[in-house]
Amino acid sequence: MIKKIDHLGIAVTKLEDAIPFYRDILGLAYHGQEEVADQKVKTAFFEAGDVHIELLEPTSPDSPIAKFIEKNGGRGGIHHIAYAVDDVADSLAKLTAKGVALVDKAPRAGANNKLIAFLHPKSSAGVLTELCADKK
Ligand code: ZN
């Protein structure tokens with residue numbers, strides 16, 4: 001079901017403040033910014049070999065990322081791990097059958113023209129876990 005780690009999601013208070021570290025200091029290839037209205041975030045993607053780094057800045061105080069930063073003492077940090085799968089809906093059905101708690105019961109639109117869904121951290125050792133697949 002899982003093909004590989006697709007990306008690591010990192011919450012930041014401001015993309016502009018975080019981008020230079022990843023782009024200029026680490027020298028990762030920068031793939032630009034995108035707003036994901038559904039999740040009330042702006043994202044910036046970088047390439048680290050086969051894995052991407054997704055920076056997430058909240059666009060609204062009720063964004064899940066704004067709440068994460070608030071709980072984290074006003075700082076950003078690692079927010080989620082995303083695994084690439086062939087089919088998000090099919091994976092959700094298989095995980096539900098195994099008793100895994102879900103945040104998203106159906107796939108929704110994510111950044112980079114992907115379908116995504118989050119699993120509940122109570123079923124994933126406390127780590128917010130995302131499944132993602134290219135839209136077909
Ligand atoms: Zn993600």
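As the structure lists them, so they are numbered: ligands from 1, and atoms in each ligand from 1. The structure displayed is predicted, hence computed values, not measured ones.
- By the side chain to side chain contact (heavy atoms under 4.5 Å, CB included) test, Lys71 is found to be paired with no residue, residues two or more places apart in sequence or in another chain being considered.
- Other residues, nucleotides and ligands contribute over 12 non-hydrogen atoms within 6.0 Å of the OH atom of Tyr30.
- For His31, the ring pair (Phe, Tyr, Trp, His ring centres under 6.0 Å) criterion is met by His52, not counting sequence neighbours.
- Partner of Asp86 under the salt bridge (Lys or Arg N to Asp or Glu O under 4.0 Å) criterion, chosen from Lys94, Lys4, Lys3: Lys3.
- A 4.5 Å side-chain heavy-atom check between Leu131 and Phe118 finds every atom pair outside the cut-off.
- Within the protein, the N, O or S atoms lying under 2.8 Å from the Zn ion (ligand 1) are His7 NE2, Glu54 OE1, His80 NE2, Glu130 OE1.
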With a 3.5 Å cut-off and sequence neighbours excluded, list the donor-acceptor pairs that the side chains of residues 54-61 form with protein atoms.
from  : atom 1 : to    : atom 2 : distance (Å)
Glu54 : OE1    : His7  : NE2    : 3.0
Glu54 : OE1    : His80 : NE2    : 3.0
Glu57 : OE1    : Leu15 : N      : 2.7
Thr59 : OG1    : Lys40 : O      : 3.1
Ser60 : OG     : Asp62 : N      : 3.2
Ser60 : OG     : Asp62 : OD1    : 2.2

